Structure formats: structure tokens, C-alpha cells
*Asks:* 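Below is one structure. I have some questions about it.
Each residue takes its place number in the sequence, starting with 1. The figures that follow rest on heavy atoms only: side chains count, while hydrogens, waters and symmetry mates do not. None of these values were measured; they are calculated from a predicted model.
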Amino acid sequence: MADQKHPAVWYEHLHTEKYTGARRGRIHTPHGTFETPMFMPVGTQGAVKGVGARELKDIGSQFILSNTYHLWVRPGDELIAEAGGLHKYMGWDQAILTDSGGFQVFSLSDARKLKEEGVTFQNHVNGDKMFLSPEVAMRIQNNLGSDVMMQLDEAIPYFESYEYIKNSMQRSLRWAERAKVAHKKTDTQALFGIVQGAGFKALRTESANNLVDMDLPGYAVGGLSVGESKVEMNRVLDFTMPLLPEDKPRYLMGVAAPDSLIDGVMRGIDMFDCVLPTRIGRKGTLMTRYGRVVIRNAKYKNDFTPLDPDLSYYSPNPIRKEQFGNMAQYDIPGYNPFKTLTRSYLHHLFNANELLGAQLASEHNLRFLLQFMEDMRTAIENDELLAFRETVMEEYGYNKP
Ligand code: PRF
């Protein structure tokens with residue numbers, strides 16, 4: 001909750017890693033305090049696909065992400081407000097961040113018309129014509145009651161002309177101003193701005209400087225991980241991150257590859273999200289410390305080794321300790337599915353089209369990333385992030401020719 005000193009959502013800095021720009025901190029929200037850097041599982045339609053609130057807690061989730069556009073189209077933000085808000089509706093009492101819907105309108109809908117006022121488009125569910133503006137996106141997110149709301153921005157292709165990117169970025173800045181004016185619940189919800197400008201330093205600088213002048217409670221870097229190379233993404237982060245205030249959370253949208261998570265953290269990112277772990281999980285690909293495992297592969301048919309002996313279950317993070325008290329429950333034999341169940345069993349579940357296969361693999365991949373972030377937080381505390389990076393690059397197989 002906002003008090004005189006702090007907005008609804010605020011960043012507490014704990015430690016800066018000695019050899020990189022990595023930050024170890026906490027984000028305070030009306031639904032709890034969470035450790036950074038963090039990864040946020042994505043529940044686009046108010047549900048993390050295949051993973052319920054109980055399991056999300058068992059694997060140490062902190063924030064989860066949902067989407068303005070999808071919940072607006074179905075079941076409707078007013079229905080969710082009537083139900084008491086998104087937290088209550090989906091049975092999740094920790095923090096929620098909602099993306100503004102701009103990214104989805106630009107990626108999902110045909111026949112859209114973009115104007116200064118907003119964007120008109122046909123929704124992907126029943127084809128109805130809809131109009132999304134910065135004000136509408138705020139009204140919806142105020143109705144949903146998410147802890148962090150993203151401004152409406154235009155999601156643009158990376159490789160467009162300077163003129164195009166400039167016009168679009170400047171419009172997104174004007175939309176941020178309008179979002180700020182339209183925001184009705186500053187004591188319980190925080191509006192984050194989104195830095196755009198593709199690969200142009202001058203445009204990213206103009207975007208960041210203007211957003212920082214608006215004194216928003218947090219900032220995201222958007223328009224990355226959309227097809228540009230990793231080298232390119234790092235180049236943009238290198239000149240963008242120093243423009244953002246050190247006393248506020250910084251969020252890199254749509255990133256989950258382990259090497260990119262480390263690269264982002266090294267440059268001072270605190271928050272990440274991406275559909276990747278659940279999307280590839282439900283199709284049968286596991287993310288593990290030693291790279292990806294395609295569980296449908298025949299070689300797993302008789303593999304009676306654990307799904308992933310490296311993954312713990314109840315998260316050892318301190319917030320969970322507070323909540324659960326005795327961490328004896330942590331990793332009790334028979335309870336941790338990643339150590340108890342075998343690759344053979346998961347192979348069978350996918351082969352037999354059992355729902356449980358998709359559920360377990362999704363939960364597995366989320367736990368992998370959450371534990372990865374826990375390990376990264378420890379590495380930052382110990383000023384060992386570079387060594388952590390070396391190990392990951394080697395083990396995950398990034399260094400293979
Ligand atoms: N803007 C918004 N959501 C996003 C992005 C963006 O640029 C991205 C880009 N990776 C993912 N999600 N609003």
C-alpha cells in the first residue's frame with residue numbers, strides 16, 4: 001500500500017554486484033515483498049497454463065503476469081471487478097503485473113487501425129471491433145486491480161526505418177502521459193512506463209529521458225527479444241540501462257532464455273517474464289541445467305532417472321520461509337515431483353496424451369527458471385555472477401560449436 005514515503009510499488013536496493021551492474025533487491029507491493037532479480041510466470045488469460053496457484057507457490061513464484069487485452073475480451077474487466085478483482089477471481093494472493101495489451105493487439109489482430117487517439121482492431125475471439133487507447137487500458141487495469149500496470153505502447157518491429165521508429169516511440173511517450181493522467185488508483189496500483197526506440201541510441205535516450213521526467217514508479221525496456229540478435233539486445237541494454245533511475249524497478253519484457261536472463265541481470269534488470277517455459281513445456285520440452293530435453297524422444301522410454309534431480313520443490317527463498325515456517329517440508333521425499341517421477345513416466349504421459357504430462361512439464365520449466373533466478377541472486381550476493389555465467393554457458397551447452 002502506498003504510504004507517505006513510498007508509492008504502491010517500490011524498489012529496495014540490497015547489493016550491487018562488485019564486477020557487473022547486477023542488482024540484488026526487493027520489490028514491495030500491496031500483495032507482498034518479493035526478491036529481485038526475478039522471473040514472472042505468465043498467465044495471459046488469468047491462468048498460468050496448466051499450473052494452478054497452489055503449485056505456483058510450491059515452486060516459489062513471486063509475481064505473476066497477466067494480460068489486459070485477453071481479460072478485456074474474455075471474461076471482461078467489469079466482470080472481474082464485480083468478482084472482487086483479478087487476485088480474488090483467480091485465487092492468487094501475491095503480486096500480479098498486467099501488460100497493457102498493446103503487444104497482443106499488434107501481434108494477434110488483423111485489420112487494425114492505429115491513430116493518435118488509440119488503436120481500432122478486431123478481437124481474435126469473435127471478431128468484434130474494439131478500440132484500445134491509453135485511457136481504456138488504464139480503466140481495464142484499474143478494474144483488474146493488478147499491482148503493476150503497463151502503459152499502452154506500440155509494439156513495433158525491430159528493423160524499421162528511423163523515421164517510423166521515432167514517430168512510434170514519440171506516440172508511445174504521449175500515450176504514457178495520458179496513461180498517467182487516467183490512472184485512478186495510485187495508492188494501490190503502480191503504472192510502469194515502457195522505453196521504446198528499437199536499436200537507435202538517440203531514440204532510446206529520448207524515450208528514457210522523457211519517461212524518467214514523468215517520475216513513474218518503475219520502467220520497462222520494451223521492443224527487445226523480437227527477432228534481433230543477442231549481441232544487439234545487449235548493445236541496446238548497455239546504453240539504455242544507465243538512463244534509468246537506480247531507485248526504481250527495471251523490467252525487461254518477454255525474455256526467458258537463460259543466457260539472456262544473465263545478460264539482462266548483469267546490466268541491471270530486476271524483472272523478466274516470458275511465455276517460453278510454459279509454451280515449450282506443454283509441448284514436451286524441458287529446460288534443464290544441461291540444456292533442453294525433448295521428452296517425447298524414444299531414448300527416454302526406459303529412462304528411470306528423475307525428471308530433474310537438480311530441482312528442489314518448496315522454494316528456499318526467505319519469503320516462502322516466512323509463509324511456511326518449518327522448511328522441513330522443503331524437498332520431503334516423495335513430495336518433489338521432479339525428483340520422484342522419472343523421465344520414462346513423463347515420456348509415457350506425452351505419448352498417451354495425458355494432461356498431466358503438459359502440467360508437469362510446464363511446472364518443471366517454471367521451477368527451473370525460478371530456481372535459476374534464486375541461484376543468480378545468491379551469486380550476486382557473493383559477487384560471483386561472472387563465474388555463475390561461465391558455468392551456465394558451459395553446462396547449458398551455449399559454448400558448444
Ligand atoms: N511492449 C509491451 N509488451 C511486451 C513488449 C513490448 O515491447 C515485449 C517485447 N519483447 C514483450 N511484451 N507492452
*Asks:* What distance do M40 atom CE and L366 atom CG have between them, rounded to the nearest 0.5 Å?
*Replies:*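 Between M40 CE and L366 CG, I get 13.0 Å after rounding to 0.5 Å.
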*Asks:* Parallel, tilted or perpendicular: which fits the ring planes of W10 and H28, with parallel below 30° and perpendicular above 60°?
*Replies:*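 Because their plane-to-plane angle is under 30°, the rings of W10 and H28 count as parallel.
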*Asks:* Strictly below 4.0 Å, N to O, side chains only: are D215 and K248 in salt-bridge contact?
*Replies:*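 Looking at D215 and K248, the cut-off is met.
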*Asks:* When you check the side-chain N and O atoms of N67 and Q45, is any donor under 3.5 Å from an acceptor?
*Replies:*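 No, no side-chain donor-acceptor contact under 3.5 Å.
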*Asks:* Please say which of T68, L152, L191, N143 ends up in a side-chain contact (heavy atoms from CB on, under 4.5 Å) with M138.
*Replies:*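 Result: among T68, L152, L191, N143, L191 is the only option passing the side-chain contact (heavy atoms from CB on, under 4.5 Å) with M138.
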*Asks:* Where does the angle between the aromatic ring planes of Y69 and F121 fall among parallel (under 30°), tilted (30 to 60°) and perpendicular (over 60°)?
*Replies:*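 Ring orientation of Y69 relative to F121: tilted.
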*Asks:* Do the side chains of D263 and K230 get close enough for a salt bridge, i.e. N-O under 4.0 angstrom?
*Replies:*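 Result for this pair is no, no salt bridge flagged.
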*Asks:* Using distance alone, with no hydrogens and no angle criterion, decide if E206 and Q170 have a side-chain donor and acceptor under 3.5 Å apart.
*Replies:*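 Yes, side-chain donor-acceptor contact under 3.5 Å.
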*Asks:* Less than 3.5 Å apart, any donor N or O on the side chain of S168 or Q196 sitting next to an acceptor on the other?
*Replies:*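 There is no such pair between these side chains.
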*Asks:* Looking only at side-chain N and O atoms, does S362 offer a donor or acceptor that is under 3.5 Å from a partner on R279?
*Replies:*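 No.
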*Asks:* Among H13, E35, H15, find the residue that satisfies the side chain to side chain donor-acceptor pair (under 3.5 Å) test when tested with R24.
*Replies:*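 It is E35, the one option of H13, E35, H15 that forms the side chain to side chain donor-acceptor pair (under 3.5 Å) with R24.
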*Asks:* Would you check, one step at a time, whether the test ring pair (Phe, Tyr, Trp, His ring centres under 6.0 Å) holds for F350 with Y300?
*Replies:* CA-CA 11 Å; F350 272 95; Y300 297 112; over 10 Å; no
*Asks:* Is E177 salt-bridged to K180, going by a charged N under 4.0 Å from an acidic O?
*Replies:*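 Looking at K180 together with E177, the answer is no, because their closest N to O distance does not fall below 4.0 Å.
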*Asks:* Assess the side chains of Q189 and D147: does a donor N or O sit below 3.5 Å from an acceptor N or O?
*Replies:*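 Side chains of Q189 and D147: no pair found under 3.5 Å.
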*Asks:* Roughly how far, to the nearest 0.5 Å, is the CE atom of M373 from the CE atom of M38?
*Replies:*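 It comes to 9.0 Å.
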*Asks:* Between R178 and E117, is there a salt bridge with N-O shorter than 4.0 Å?
*Replies:*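 Answer for the salt bridge query: yes.
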*Asks:* What distance do R289 atom CZ and L311 atom CG have between them, rounded to the nearest 0.5 Å?
*Replies:*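 That separation rounds to 10.0 Å.
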*Asks:* Is it the case that Y313 and E363 place a side-chain donor and acceptor less than 3.5 Å from each other?
*Replies:*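 A donor-acceptor contact under 3.5 Å links the two side chains.
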*Asks:* When rounded to the nearest 0.5 angstrom, what is the spacing between CZ in F39 and CG in L261?
*Replies:*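 Between atom CZ of F39 and atom CG of L261 there are 7.0 Å.
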*Asks:* Does the side chain of D308 come under 3.5 Å of the side chain of H364 through a donor N or O and an acceptor N or O?
*Replies:*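 There is such a pair between these side chains.
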*Asks:* Are side-chain N/O atoms of S100 and Q151 paired as donor and acceptor at under 3.5 Å?
*Replies:*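 Note: S100 and Q151 side chains miss the donor-acceptor criterion.
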*Asks:* Return the CG to CD1 distance between N336 and I59, rounded to the nearest 0.5 Å.
*Replies:*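 The CG atom of N336 sits 11.5 Å away from the CD1 atom of I59.
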*Asks:* Do E384 and Y19 get their side chains close enough for a donor-acceptor pair, meaning under 3.5 Å?
*Replies:*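 No pair is found: no donor N or O on one side chain lies under 3.5 Å from an acceptor on the other.
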*Asks:* Cation-pi check for Y396 against R292: NZ or CZ below 6.0 Å from the six-membered ring centre and within 45 degrees of the axis, yes or no?
*Replies:*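 Ring-cation test returns no.
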